[in-house]
Each structure stands twice: as structure tokens, then as C-alpha cells.
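Note that the structure is predicted; figures quoted are calculated from it, not measured. For ligands, and for the atoms within them, numbers begin at 1 and follow the listed sequence.
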Amino acid sequence: MGLVTMKFGGTSVADADKIKNVAGRIAEAKRRGDDVVAVVSARGATTDELEALAHEVSDRPDPREMDMLLSSGERISCALMAMALHDLGVSARSFTGSQAGIVTDGAHTRAKIVEVKADRLREAIADDHIVMVAGFQGVSGDRDVTTLGRGGSDTSAVALATALDADVCEIYTDVTGVFTADPRVEPRAVKLPRISHGEMLEMASMGSRVLALRAVEFARRYDVPLHVRSSFAPEEGTWITKETPDMEDAIVSGIAHKSDEAKVTISGVEDQPGIAATIMTALGDASVNVDTIIQNVGGGGVADMSFTVPLNELPAALEAVEGVEGLGYRELTSDDQIGKVTLVGAGMRSNPGVAATMFRTLAAEGINIQMIDTSTIRITVVIDRREVERAVRALHEAFGLAGEAARRADV
Ligand code: ASP
Ligand code: MG
């Protein structure tokens with residue numbers, strides 16, 4: 001007998017019938033003999049609706065009250081799920097994040113988990129209850145309700161799996177797993193049977209929306225195996241685990257893309273120690289998430305600096321740069337028509353030439369590369385947004401990804 005953590009996303013619990021369907025899956029796991037801790041998201045678009053409502057009553061909703069409001073969505077689905085489980089003849093108890101002992105820092109609306117005091121859950125498990133936990137929330141040291149940022153229920157599930165030393169953390173969603181590319185963009189994309197935590201981390205940070213980034217970080221740090229699968233179909237999904245040597249056999253595992261990015265260029269800044277630090281500090285203070293950064297030496301003691309930001313943070317980024325006192329530059333420009341395409345693969349570390357193939361493929365498509373950014377297992381290009389989907393399809397073909405995933409299923 002083991003312990004499984006199961007997490008169900010908002011689309012999986014959107015209405016009464018879907019809640020009953022999920023209750024069936026949870027009860028089945030319990031009947032197989034495992035202890036079960038299940039985490040649920042708010043139903044369907046509840047969180048969006050609550051957020052919109054907050055903005056209707058207030059121009060600047062107070063973050064503490066925002067957390068009181070948003071956390072209610074998960075509380076509703078959690079209680080409803082426990083009721084549906086009772087009707088299936090199994091005992092279940094629901095808990096808020098606070099009752100579950102999920103302790104966070106005090107950063108309202110984007111709190112980080114600092115500790116999970118799971119005694120109460122352990123007691124409930126020992127009493128043979130199915131434990132239901134409201135996702136996306138915790139309690140701060142000041143005993144205020146906090147939320148973990150959008151998509152945070154994934155993080156709740158991984159944190160509970162870690163604290164309770166679960167055998168697996170199953171993430172149930174409306175897709176059947178992690179695909180080689182977004183199937184809406186590349187219909188030939190196939191489900192990956194397995195991928196490493198590190199690869200998933202790169203995929204999630206570069207546009208894959210299957211899992212929240214923070215949850216993957218957590219899973220990697222504490223070595224929690226994740227199994228992403230469908231709430232509506234019984235088939236196996238994608239396993240996300242510690243890297244095994246054979247994972248390097250695949251040079252490229254998947255392609256991620258982002259279409260909502262913008263680029264800022266500061267031309268003719270002084271080429272001196274401390275300038276980049278000053279600019280990035282101003283952006284950090286304005287809570288702008290800067291990603292790819294490039295600096296070229298222009299000559300004559302000046303340089304050009306470009307960086308990308310999420311599209312919706314562009315106004316704040318420009319304002320932050322303009323606000324840096326004493327920063328001399330020739331011109332500040334921006335481009336709100338960019339996107340990013342990323343190749344991810346553990347095998348890149350040991351296979352030179354991936355970049356060459358990638359760039360050749362894009363060149364053959366007549367796609368111009370504006371910026372390039374790499375890690376040991378990732379290559380990202382910044383290109384015109386209108387060419388992103390075409391680039392994804394061309395690269396999927398060039399790296400034979402449909403066949404690659406099928407080959408891995410055999411190992
Ligand atoms: N309900 C929250 C959201 O929509 C948290 C989650 O679904 O994971 O972002
Ligand atoms: Mg959600």
C-alpha cells in the first residue's frame with residue numbers, strides 16, 4: 001500500500017457531473033488500496049470571475065482581501081468533492097490550505113510555501129479518510145490566508161506529496177499528457193511517455209502550459225515523480241522524473257513556444273561597469289520579469305542592450321527604464337510583435353550541432369532570428385510573432401519528433 005497525491009485542474013471539476021466523475025477516480029484509487037490525498041482547483045473559470053469581480057468593486061483591490069476572495073474558489077470545489085465522495089460510500093474530509101498546514105510567506109497573491117505541517121492530514125489518513133485539500137492556498141506566519149499565484153494548485157499538490165512522502169504526484173488535467181509540441185499548433189505532435197524534471201522545467205518556463213513552473217521546480221528539488229494525465233480517459237500520461245542516462249539519447253524532446261512577448265532595446269548606452277546592473281535593478285524594482293538579455297558593444301564607448309519581457313509588462317518596463325536617473329542613451333525602442341520558439345532536450349548537452357540544424361531549418365523557412373538564448377538543454381530563438389507557429393511545425397519535422405516519442409515509448 002502506498003500514498004498517492006492526485007491533483008485535479010479547474011476544467012476537470014467544472015460542473016456537478018465532472019465533480020462526480022473525478023470523485024469516481026479518487027474513490028477507485030482508494031479502493032485499489034492506496035491512501036489518497038487529492039488537491040482540487042477552483043471550478044472552471046471561477047478564479048478569473050472572482051478576479052474580475054474584485055476589479056469591478058475596486059480599482060486597486062487590496063492583496064490580502066484578494067487572497068480571501070480567490071481562495072474561496074478552491075474551498076468550494078474541495079467541499080463539493082468530499083460530498084460526492086460520501087455518496088460513493090467512501091469517507092472523505094476536506095481541508096483548506098491553512099487547515100492542511102501549508103505555511104507560506106506573507107506575499108499576498110504570490111506567496112511561497114515555506115513549510116508544510118501535515119500532522120492533521122496524517123491523522124485523517126490514519127483514520128482511513130480520503131483527504132481533500134483546497135489547492136492554490138496556504139496561511140502566512142501572521143495567520144492570514146494567502147494564495148500561491150495563478151496555477152498554484154499544482155504547487156500545492158507537489159508540496160503535499162513531498163511533505164507526506166507520497167509515491168507519486170498525479171496531475172489530472174484536460175489533456176492526456178505533455179506533448180512534443182502544442183497539438184493545437186502542430187497536429188502531428190505526440191505525447192511524450194517520459195521527460196526529465198529539468199526538461200519539463202525548461203518547457204514550462206518557455207511556454208508549455210501543462211504544469212505550473214513553480215510546481216516543476218519543487219518536484220525537481222525534492223525528486224517527486226509527476227504523472228500528468230487526463231481526468232477523462234484512463235490511459236497513462238507523461239511521467240516526469242529524475243533524469244536517467246537513456247534520456248540523453250533523445251537529442252530534442254520537445255518544442256515550446258510563446259506568442260505574448262515583447263522586446264525592449266536601449267541603443268547607445270554608456271559601455272561602463274554598473275550600467276546593466278542599474279537597468280536591471282530598476283526593472284526588478286518594478287517587478288518586471290526580464291528574460292533573454294543581449295548586449296552588443298557598439299563601439300565609441302557605447303553599447304546596445306536588448307531584452308524581452310512578457311507583453312503585458314511592456315508598459316511597466318519602458319516606464320522603469322525611462323525612470324532611471326542619469327541613464328544616458330541614444331534611443332529607447334520596443335517591439336510588441338515578437339514570440340519565442342524553444343527546443344528542449346537533455347541530449348543537447350552531448351550533441352553539438354543542434355543549433356546549426358535549428359538555424360538552418362528556420363533559414364529555409366525564411367524566418368529571421370532576432371535573438372538567441374541557450375542553456376545546456378535548451379535553445380531559444382526570438383522571432384516575429386506571426387512566424388512562431390510555422391517555426392514550431394518546421395522544427396518538429398526537422399527533428400523527427402513524432403518518431404522520436406514513439407521510439408522512447410519502446411524503451
Ligand atoms: N484556481 C487557480 C487558478 O486558476 C489555481 C489553479 O487552478 O491552479 O489560477
Ligand atoms: Mg486553474
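In Met68, the CE atom is not crowded: 12 or fewer heavy atoms of neighbouring residues, nucleotides or ligands sit closer than 6.0 Å.
Residue Gly135 places every heavy atom at 4.0 Å or more from ligand 1. Note on ligand 1: Gly152 sits in its first shell, one or more heavy atoms being nearer than 4.0 Å.
Looking at Gly151 next to ligand 1, an N or O pair under 3.5 Å apart turns up. In terms of N/O distances under 3.5 Å, ligand 1 is not approached by Asp154.
For Thr361, the side-chain contact (heavy atoms from CB on, under 4.5 Å) criterion is met by Thr357, Ala394, Leu395, Ala398, not counting sequence neighbours. Annotation: side-chain contact (heavy atoms from CB on, under 4.5 Å) contacts of Glu123 (sequence neighbours excluded): none.
Atoms of ligand 1 found under 4.0 Å from any heavy atom of Ser41, numbered from 1 in the order shown, are 6 (C), 7 (O), 8 (O). Those atoms of ligand 1 that come under 4.0 Å of a heavy atom in Arg150, given as number and element, are 3 (C), 4 (O), 9 (O).
Put simply, the side chain of Ser71 gets close to the backbone of Asp67: a donor and an acceptor are under 3.5 Å apart.
A donor atom on one side chain and an acceptor atom on the other are found under 3.5 Å apart for Tyr172 and Glu170.
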